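Below you'll find the structure, written out as structure tokens, and then a few comments.
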Amino acid sequence: MTEKEIRLRFAPSPTGYLHIGSARTAFFNWLYAKKVGGKFILRIEDTDVERHREDTISIILDSMKWLGMDWDEGPDTGGNYGPYRQSERLDLYKKYAQKLLDEGKAYRCFCSQEQLKKNREEALKVNEFYKYDRKCLSLTQEEISRKIKSGEKFSIRLLVPREKILSFSDNVYGNFEVNSSNIEDYIILRSNGMPTYNFSVAIDDCLMKITHVIRGEDHLSNTPKQLLIYDALNFGHPDFTHLPMILASDGHKLSKRHGSISIESYREEGFLPEAVLNYIALLGWSYDEKTTIFSVKEMVEKFDLKSINKKASKFDYEKLLYLNGHYIRELKEDSLEEILINKLIKKNDNLKDKVNFLKEKLAKIIPITRERVKTISGYEKILVPFFNEINYSDDAKNYFTKKEINIKEILKSSVKSLENIDNNSFNTENIEKELRGIAAKLQLNLKIIAEVLRIAIWGEPVSPPLFETIEIIGKKATLYRLKNYLKSIA
RNA sequence: GGCGCAUUCGUCUAGUGGUCUAGGACGUAGCCCUCUCAAGGCUAAAACAGGGGUUCGAGUCCCCUAUGUGCUACCA
């Protein structure tokens with residue numbers, strides 16, 4: 001092994017579902033790992049006992065799998081650098097915190113949370129810059145021993161050097177520099193023994209030999225704090241890439257009140273993983289000035305850290321819809337068939353035994369419907385009148401009342417004419433021929449005939465192509481619907 | 001309040017000092033196709049946040065302002 005192995009990670013905290021922003025972060029890590037032939041690692045950052053929700057772990061994992069992101073190491077797959085859950089690595093954090101303590105690079109803090117909160121609020125009230133006052137730094141060894149012995153709780157704070165320029169180079173934001181004097185002696189180990197974020201990420205990224213960190217821009221300001229840890233422990237630091245934020249369409253931070261933002265909900269709404277990934281990739285990344293459609297394979301080839309932009313982007317549902325429509329049209333016919341059949345069976349268990357019948361039908365339905373639909377759930381709706389009897393809404397019943405059309409004559413002629421077609425030749429071609437014949441006979445535009453039949457056959461003024469639809473529905477059902485509509489308007 | 005980051009059509013973006021009368025995509029509008037709706041094709045409207053510099057020349061470099069946003073927690 002001459003080249004150092006490239007290792008990336010996605011490190012969600014299990015406090016909710018996988019949302020658009022984290023999915024993109026995961027995806028960019030995954031893409032880059034695939035592109036350079038590196039490893040992609042999944043790590044669960046569950047150090048917040050309060051907000052932790054165990055059930056969200058499987059939701060996050062399922063969403064990732066659904067999107068097609070696989071990982072080489074993780075809590076479920078294992079690996080050489082485990083455990084992959086921070087809650088199972090507590091002894092490691094303790095060990096390194098102790099090391100810093102021993103080296104005088106960290107110190108114990110016995111201040112109560114209430115006191116600290118009060119101090120901060122007071123400083124803020126008079127618009128003052130607040131930083132921990134290092135009260136506990138001046139504690140003598142005896143005082144510390146006595147407090148520990150009497151059972152006083154303490155946290156461990158990093159002793160942040162003053163007037164030190166902390167800098168690193170970010171692949172997106174360029175050179176980033178900050179003076180350490182602006183950073184307080186932040187807590188690395190809580191009094192309950194849990195590490196805080198800035199400490200545990202740094203430790204884990206080192207221990208897990210992560211070479212490239214790709215994460216949200218909200219961590220840009222945190223990076224110097226982590227740099228402090230790398231320095232104090234004499235670890236080298238990874239290569240950083242911070243991704244611009246994804247905001248809701250109103251320009252504010254994406255949150256639950258903005259509706260469906262979880263990958264889970266897009267899946268339920270009938271989005272395809274290809275579409276979601278393509279859309280997500282375009283938020284902050286572009287390949288050239290023209291291309292918008294990318295297969296996963298192409299993205300792996302073309303993805304590049306250097307062509308990520310800095311500007312936060314707003315989420316645009318319309319464009320996602322467009323892409324989804326595109327991918328529904330691109331889908332192989334049997335894949336689409338399979339997806340649709342599964343959906344239909346899920347809704348109606350009786351259909352389980354009729355898979356072949358469904359397949360046969362769908363083979364005819366798909367070519368005339370797929371380009372009219374933008375989501376799979378939209379697709380399910382358009383399927384209904386092909387398989388079920390239709391009920392006429394009031395709108396459908398009254399559709400022609402104000403129009404000067406002899407609708408009954410049209411319907412009756414149609415019935416007569418369609419009845420004449422032989423059962424075996426009840427196909428699009430003959431249906432069209434008959435209906436055009438009626439139009440000629442009644443001296444009406446085909447449009448009028450089609451409009452009437454459409455309402456009768458489909459119940460709505462918009463449907464898939466009429467002649468094909470009539471063929472698929474079949475002679476019997478078509479005649480039934482025509483007569484039924486005739487009755488309903490009588 | 002302190003410390004950062006950002007700002008090109010409504011939205012996602014191309015753009016790295018002259019090739020920009022600023023390109024593409026979604027959306028919008030119109031036309032074509034057409035049995036409706038889509039899809040597809042064609043066309044159109046639509047942007048360099050504002051102000052100062054630097055330069056022969058600025059969307060591109062610098063400064064200020066405005067706006068947005070992040071961190072400033074014993075959240076991540």
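Below, read A as the first sequence line, B as the second, and so on, with proteins coming before strands; counting in each chain starts at 1. No experiment lies behind these values; they were computed from the predicted model shown.
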For nucleotides B/G27 and B/U13, find the distance between their C1' atoms and express it as a whole number of Å.
14 Å
Do you know which of A/N175, A/L220, A/V178 makes side-chain contact (heavy atoms from CB on, under 4.5 Å) with A/F168?
A/L220
Between A/Y317 and A/Y279, does the ring centroid distance fall short of 6.0 Å?
no
Pi-cation contact, A/Y107 with A/R157 (under 6.0 Å, within 45°):
no
Can a side chain N or O of A/T196 be found less than 4.0 Å away from OP1 or OP2 on B/A73?
no
Protein-proximity profile, nucleotides 37-46 of chain B, B/S/- by nucleotide at the 4.0 Å heavy-atom cutoff, equals BBSS------
Pairs in or reaching into residues 166-181 of chain A: which pass salt bridge (Lys or Arg N to Asp or Glu O under 4.0 Å), with residues at least two apart or in two chains?
none
Measuring centre to centre across the rings, with the benzene-like ring taken for any Trp, is A/F303 within less than 6.0 Å of A/F28?
yes
Mind checking A/N309 for me? I need base, sugar-phosphate or nothing, with any heavy atom below 4.0 Å counting as a touch.
sugar-phosphate
Tell me what A/E184 touches on the nucleic acid: a base, only sugar-phosphate, or nothing, going by heavy atoms under 4.0 Å.
sugar-phosphate
Would you say A/W30 and A/V296 make side-chain contact, with heavy atoms under 4.5 Å?
yes
Mapping A/K290 and A/L283 onto RNA chain B by nearest heavy atom, which one lands closer to the 5' end?
A/L283
A/E217 near the nucleic acid: base, sugar-phosphate alone, or nothing, with a heavy-atom cut-off under 4.0 Å?
base
Name the nucleic acid region contacted by A/Y186, choosing base, sugar-phosphate or nothing; use a 4.0 angstrom heavy-atom cut-off, strictly under.
nothing
NA contact type, A/L466, heavy-atom cut-off 4.0 Å: base, sugar-phosphate, or nothing?
base
Looking only at N and O atoms, is any donor in the side chain of A/K319 or the base of B/A25 less than 3.5 Å from an acceptor on the other one?
yes
Phosphate oxygens OP1/OP2 of B/U72: is one of them under 4.0 Å from a side-chain N or O of A/R120?
no
Within 45 degrees of the axis of the six-membered ring of A/Y392 and under 6.0 Å from its centre: does A/K397 put its NZ or CZ there?
no
Quick one: label A/R436 by what it contacts on the DNA or RNA (base, sugar-phosphate, nothing), any heavy atom closer than 4.0 Å.
sugar-phosphate
Do A/D218 side-chain and B/A76 base share a donor-acceptor contact under 3.5 Å?
no
Is A/T47 touching bases, backbone alone, or none of the nucleic acid, heavy atoms closer than 4.0 Å?
sugar-phosphate
Touch check for A/G216, heavy atoms < 4.0 angstrom, all strands: base, sugar-phosphate only, or nothing?
nothing
At under 4.0 Å, does any side-chain N or O of A/K447 touch on OP1 or OP2 of B/U36?
yes
Across the strands shown, which category fits A/K117 at heavy-atom distances under 4.0 angstrom: base, sugar-phosphate, nothing?
nothing
Would you say the base of B/C74 and the side-chain of A/S191 have a donor-acceptor pair closer than 3.5 Å?
yes
Phosphate OP1/OP2 of B/U69 contacted by A/H252 side-chain N/O (<4.0 Å):
yes
Could you name each residue pair satisfying side chain to side chain donor-acceptor pair (under 3.5 Å) that touches residues 408-418 of chain A, not counting sequence neighbours?
A/N406-A/E409, A/S417-A/E434
Taking B/G23 as the reference, what is the distance to B/A47 when you measure between their C1' atoms (whole Å, please)?
12 Å
Base, sugar-phosphate, or nothing: which does A/S221 touch, judged by heavy atoms less than 4.0 Å apart?
base
